[in-house]
Amino acid sequence: MSSRSWRRIIVGIIFLILTIFYTLLFLKHASVTNELIFNIAHIKSLSNIFISPINFDYWGHTGSLINFYSPWLTILPGLLFLNQNVIIGFVLIFALVTYLTFTSSYYYMKKFSNDTLEALLFSVIYTLSFNRFMLVFSEQRIENYLVLIFLPMVYYGAFQIFNGKFQDWLTLTLGLTLIIWTSPYMALAIILTLVPILPLMIFSRLSHHWSYWGKTLLNLIKAGLTTGILTVGYWGPLLENQWTKKLLQQKRSRFDYWAWFSKEFLTRNNWYFFLTLIILLGLVLIVIFLKSSFSYKIMILESFVIVALLVTHPQLPVDISRLMFALITIVDLFAIVVLTRVILLLFQEGPVILQLLILLLTIGGFGYLTYSQANQLHPHNKIEIAQKIDYKSLVVNYHDQALESKNHFLIDGHSSQVQFNTKGNEYWLQYYNPQAVKMDIPIQNYAGYKVTVNNEQPKIFSSKCHTLLLQTDPNKNIIEIHAHYTVLAIISLLINLFSFIGLGYICFSDKWKMKKKIVAES
């Protein structure tokens with residue numbers, strides 16, 4: 001077995017041990033919060049996402065449009081692991097996400113820096129970072145730490161293009177595609193960090209040729225258009241629905257970083273230490289800035305800008321709270337890249353035993369920090385394997401104005417209790433009244449419904465609460481509501497499907513041609 005194969009095995013074992021360690025900490029110290037229940041309910045509500053974005057079994061049976069606004073990449077592990085014991089299944093999903101975060105960050109940092117030690121250090125620090133710890137144990141929204149798998153991939157692909165290696169445009173495309181299918185706000189934040197790089201490339205020697213600018217712009221446009229086609233199944237139905245509904249997400253609460261930092265660290269006795277630390281850090285960054293490649297310089301410059309935005313938090317006419325939240329993860333990535341670069345520059349000339357010691361100290365140090373942070377948590381409702389939770393009863397006010405009705409039917413404007421049944425994207429009820437009445441059904445009005453009353457399609461109206469309003473027949477009414485994608489949404493999904501098939505064919509054929517070329521040359 002070659003040394004390369006042995007290295008892969010050893011790295012894989014290290015990541016597996018750290019994944020088990022991190023998963024056990026989560027299982028022991030994480031609380032069963034509303035966010036964790038929301039995660040599992042969201043994954044389970046995606047069970048019919050390929051048929052309809054509406055699942056009447058969840059979110060208070062109101063036909064919530066939550067799946068329009070939350071990408072559904074999580075359905076794949078959800079289908080695999082949540083069909084039996086839900087808690088065990090979710091813990092397995094968490095372990096898989098953690099292992100893939102270790103692996104992805106190592107793989108793309110290795111390709112970016114071409115240094116195994118730097119890649120290992122980055123992978124360990126990135127996955128065991130304080131930011132990821134907060135996303136996992138405090139925020140508990142799976143998309144916020146699932147997206148960390150793809151973040152190194154997209155920045156590797158972007159910097160490859162800016163560095164003149166245009167064949168890697170597909171890496172940027174796939175990275176952005178996966179991020180949009182996971183966390184659209186993160187994709188928007190990434191684009192905002194990539195746009196300023198283009199004018200900054202004027203200061204790089206690579207850009208002193210007109211051909212560079214032509215090829216760079218061509219590949220960025222190609223990546224952007226391909227990403228748009230590969231994600232049209234998400235943003236197409238979203239824009240169609242948003243065009244008519246114009247619903248807004250709730251703002252994230254603003255966190256005052258300077259107040260928190262002052263309270264925790266800037267006591268009167270620590271001011272001199274803090275200033276000294278800032279001066280030393282500035283000197284180190286200057287040295288790193290001068291000795292590193294242009295990509296590292298970009299990260300340092302953008303980190304300062306992002307930190308300034310997070311501290312000042314500018315007020316704009318539109319809500320940017322979720323965008324600022326995504327920028328925290330990006331600046332965390334940049335800071336860890338710079339930190340590993342500092343360590344490498346300090347010890348890269350040392351013997352192998354010293355580099356191994358640095359790696360062991362990093363693993364041990366960040367492992368201990370994660371362990372001590374987890375021990376400081378005092379879960380009120382610990383995760384139990386045999387925990388029984390009715391996830392279908394979870395109700396959230398998330399893009400759903402129909403929740404105001406509290407499942408009360410309005411018959412000619414008067415509240416009435418009506419029995420109904422749901423199954424996935426189907427909703428039906430029976431109602432008897434000797435007279436024809438106007439029935440306000442407490443589900444959110446949506447263009448993709450097929451509604452029948454006694455097997456005939458009635459005229460559908462939208463009530464003041466944006467719920468479904470119709471006219472019943474005299475006497476007995478059998479009302480059936482089936483939720484499906486609209487025609488435009490189906491077209492978008494078909495385009496998306498064929499684009500994935502086409503992309504797979506291109507990737508397979510390119511690899512096959514490369515393999516044949518290698519065999520021919522040998």
Side-chain angles (χ1 to χ4, degrees), residues 41-42 45-49 51-70 236-249 392-490:
H42 191 194
S45 75
L46 290 166
S47 58
N48 64 328
I49 192 65
I51 300 172
S52 168
I54 307 295
N55 192 327
F56 289 116
D57 291 337
Y58 294 86
W59 320 120
H61 313 291
T62 61
S64 173
L65 304 177
I66 184 172
N67 291 335
F68 271 118
Y69 294 82
S70 298
L238 171 64
L239 289 181
E240 180 194 18
N241 188 68
Q242 183 69 8
W243 184 264
T244 56
K245 302 292 182 183
K246 291 182 172 54
L247 300 176
L248 299 175
Q249 286 188 310
K392 291 185 178 181
S393 67
L394 179 68
V395 179
V396 291
N397 186 15
Y398 192 87
H399 308 300
D400 195 351
Q401 296 164 333
L403 286 172
E404 299 172 5
S405 63
K406 298 181 180 179
N407 278 329
H408 286 184
F409 290 74
L410 296 180
I411 307 299
D412 284 338
H414 299 287
S415 179
S416 177
Q417 292 290 335
V418 178
Q419 296 296 320
F420 63 91
N421 293 293
T422 65
K423 185 179 180 182
N425 64 317
E426 299 177 350
Y427 185 109
W428 61 92
L429 60 95
Q430 290 188 15
Y431 177 73
Y432 180 84
N433 195 315
Q435 299 178 346
V437 297
K438 287 185 178 180
M439 176 182 284
D440 187 345
I441 303 175
I443 62 174
Q444 187 155 302
N445 196 10
Y446 164 60
Y449 289 146
K450 180 183 178 182
V451 183
T452 60
V453 178
N454 297 327
N455 293 323
E456 294 184 0
Q457 293 187 3
K459 191 172 183 179
I460 302 299
F461 304 92
S462 184
S463 71
K464 294 180 180 179
C465 295
H466 301 280
T467 52
L468 194 149
L469 185 66
L470 55 81
Q471 182 90 18
T472 66
D473 294 334
N475 299 316
K476 186 176 182 180
N477 291 266
I478 299 176
I479 301 174
E480 298 183 21
I481 303 168
H482 301 272
H484 300 282
Y485 284 102
T486 63
V487 174
L488 180 60
I490 292 173

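This one's a predicted model, so the numbers in the text were calculated from it and none came from an experiment.
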* Going by heavy atoms in the side chains, are Trp59 and His42 under 4.5 Å from each other? ->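 Contact flag for Trp59/His42 side chains = yes.
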* For the pair Val453 and Leu470, evaluate side chain to side chain contact (heavy atoms under 4.5 Å, CB included) and give the outcome as yes or no after the intermediate values. => CA-CA 9 Å; Val453 178; Leu470 55 81; 4.3 Å; yes
Roughly how far apart are [X] [atom1] and [Y] [atom2], rounded to 0.5 Å?
| X | Y | atom1 | atom2 | value |
| --- | --- | --- | --- | --- |
| Asn67 | Leu238 | CG | CG | 12.0 Å |
| Leu468 | Asp440 | CG | CG | 8.0 Å |
| Met439 | Leu410 | CE | CG | 10.0 Å |
| Leu469 | Asn445 | CG | CG | 9.0 Å |

* Asked: Taking the six-membered ring for Trp, are Phe409 and Phe420 parallel (under 30°), tilted (30 to 60°) or perpendicular (over 60°)?
  -> tilted
Only counting residues at least two apart or in another chain, list the ones meeting side chain to side chain donor-acceptor pair (under 3.5 Å) with [X].
| X | result |
| --- | --- |
| Asp57 | Thr422 |
| Asn454 | Asp473 |
| Asn55 | Asn48 |

* **Residues in side-chain contact (heavy atoms from CB on, under 4.5 Å) contact with Pro474, at least two apart in sequence or another chain** =>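 side-chain contact (heavy atoms from CB on, under 4.5 Å) check on Pro474 returns Ala436.
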* To do: Could you list the residues that satisfy side-chain contact (heavy atoms from CB on, under 4.5 Å) with Lys423, not counting sequence neighbours?
  => Trp428
* Asked: Hey, which of Asn425, Ile443, Ile460 is the one that makes side-chain contact (heavy atoms from CB on, under 4.5 Å) with Tyr449?
  -> Ile443
Could you pull out every donor-acceptor pair under 3.5 Å between side chains of residues 479-487 and any protein atom, sequence neighbours left out?
| residue | atom | partner | partner atom | Å |
| --- | --- | --- | --- | --- |
| Glu480 | OE1 | His482 | NE2 | 3.3 |
| Tyr485 | OH | Ile49 | O | 2.5 |
| Thr486 | OG1 | Glu240 | OE1 | 2.7 |
| Thr486 | OG1 | Glu240 | OE2 | 3.1 |
| Thr486 | OG1 | Ala489 | N | 3.2 |

